[in-house]
Number of protein chains: 2
Amino acid sequence: MAKTQQERRADTRQRLLTAARDVIAERGVAGASVDALAEAADRTSGALYAQFGNKDGLLLALLDHWKKATANAIEADFEATSSIDERLRSLWANFINPPADGGDAWVLLEHELWLYAGRNPAAREQVAARYADAREDLGAGLAVPSEVATLLIALMIGLEMQRRLDPDAVDDEVALVGLRTLLRASGMDATQER
Amino acid sequence: MAKTQQERRADTRQRLLTAARDVIAERGVAGASVDALAEAADRTSGALYAQFGNKDGLLLALLDHWKKATANAIEADFEATSSIDERLRSLWANFINPPADGGDAWVLLEHELWLYAGRNPAAREQVAARYADAREDLGAGLAVPSEVATLLIALMIGLEMQRRLDPDAVDDEVALVGLRTLLRASGMDATQER
DNA sequence: GTCTATAGATTGATAGAC
DNA sequence: GTCTATCAATCTATAGAC
């Protein structure tokens, strides 16, 4: 069954996005040359420029593509579990060892894009929106204010960073105690004392 | 008063390290060319190669230089405060708005070097040791086990990341409530429940 | 110990064939 | 829509003058 031009175009686009995710996670944004990105997608640089205009265009498209994927992943994760405590546990497990495509590469990519966003205003807006959505979704899923979700996300990111440098530095149970502790404190008033 | 050769060499070394800190924070490790690093230090690339062998050598030296500076900063910070609660507050304040040289650039540099360490085994060892020392020092300063220090550091890093994307995303008081909550939970047994 | 000059490789992007 | 060929710019690193 022959593909239409549109299908071929969409296929190339998807290939380039997937290749970008993997190559950038491995070599970094700056270390991933246009030729290397295209080759990993079984295309040439010409296809990349036809699809995204330039290298930055691909990065912005990658951010956009991923924004939706992240929201879907959190939602699916929560529909599969019932108790709050179970949700925390599966959240942490999926965070440090993602089962989906890309494996643990996505955490490195996350940091790469975060740094990229720090130097590119258009990207910053997209990444900031991605984080805001994640806070909202997580807050809703755990039935806590988004401020608590902010703390939970922060803790997971920071623990994952330390764990990547030294796998023994962060114990799973310690991580869960930390997450549960923050969750339980959700009833507290932020101005309760000084 | 004329400088000796040794003094001049030490001066150049310090200039290159300081310049590397600033330029890398602004443009990233990959975006900071050898010529740009040397020029920012009012030297040329020749001096850089004579001092550090190559670009990686400068990065490793920067990590080593900074390892000591970080430990000193935490120590000084804690000697100046008395109560635990005050120490938490000053810790957070200094973390998101460092008063010392480099300003808020150091957080970006921290992430740059963390990513660099993820792809360079020799650097990973150094950065991992840096984090381990920070955990020990912070645990000692707050009179809590290093596991709690791990959680506190993680929370601060993650909050700072979200804050940089959107200054309104992380309220100072919420951050302090999170830190205090984790600190209070230090008496808990990690295996207390499931 | 540092600078100038330069070699050799790689980069992002463009033009034209198909 | 994608590929081939190519340009101009930039990069790391080296060699020799001082």
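Chain A is the first sequence line, chain B the second, and so forth, proteins listed ahead of strands; every chain is numbered from 1.
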Please state how far atom [atom1] in [X] lies from atom [atom2] in [N], giving the value in whole angstrom units.
| X | N | atom1 | atom2 | value |
| --- | --- | --- | --- | --- |
| Gln5(A) | dT2(D) | CD | C1' | 12 Å |
| Leu16(A) | dC3(D) | CG | C1' | 13 Å |
| Leu58(A) | dA13(C) | CG | P | 11 Å |
| Arg15(A) | dG1(D) | CZ | P | 18 Å |
| Glu7(B) | dT2(C) | CD | C1' | 17 Å |
| Asp35(A) | dG12(C) | CG | P | 8 Å |
| Arg8(B) | dC3(C) | CZ | P | 7 Å |
| Phe52(A) | dA13(C) | CZ | P | 14 Å |

Among [options], find the nucleotide with the atom closest to the side chain of [X].
| X | options | result |
| --- | --- | --- |
| Tyr49(B) | dC3(D), dA5(D), dT14(D) | dT14(D) |
| Ser45(B) | dA5(C), dC3(C), dT2(D) | dA5(C) |
| Lys55(A) | dG1(D), dA5(C), dG12(C) | dG12(C) |
| Gln51(A) | dT2(D), dG1(C), dA13(D) | dT2(D) |
| Asn54(B) | dA13(D), dT2(C), dG12(C) | dA13(D) |

If only side-chain N and O atoms of [X] are considered, is one of them under 4.0 Å from the OP1 or OP2 phosphate oxygen of [N]?
| X | N | answer |
| --- | --- | --- |
| Gln6(B) | dG1(C) | no |
| Ser33(B) | dC11(D) | yes |
| Thr12(A) | dT2(D) | yes |

Should Asp172(A) and Arg163(A) count as an ion pair when the cut-off is N to O under 4.0 Å?
->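 A salt bridge links Asp172(A) with Arg163(A).
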Rounding to 0.5 Å, atoms CZ (Arg87(A)) and OG1 (Thr81(A)) come to a distance of 4.5 Å
The answer to which of Val29(A) and Gly46(A) contacts DNA chain C further toward the 5' end, by nearest nucleotide, is Val29(A)
Tell me whether the rings of Trp106(A) and Trp66(A) are parallel (<30°), tilted (30 to 60°) or perpendicular (>60°). perpendicular
Of all heavy-atom pairs linking Ala123(A) and Leu63(A), the shortest is CB-CD1, 3.9 Å
Next on the checklist: The test is side-chain hydrogen bond (donor to acceptor under 3.5 Å, both in side chains); show your working for Arg43(B) and Gln51(B) and say whether it passes.
Outcome noted: CA-CA 11 Å; Arg43(B) 293 291 184 276; Gln51(B) 292 267 1; over 6 Å; no
- Using a cut-off of 4.0 Å on non-hydrogen atoms, how would the nucleic acid contact of Thr44(A) be classed: base, sugar-phosphate, or nothing?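 Counting heavy atoms under 4.0 Å across all strands, the contact made by Thr44(A) includes a base.
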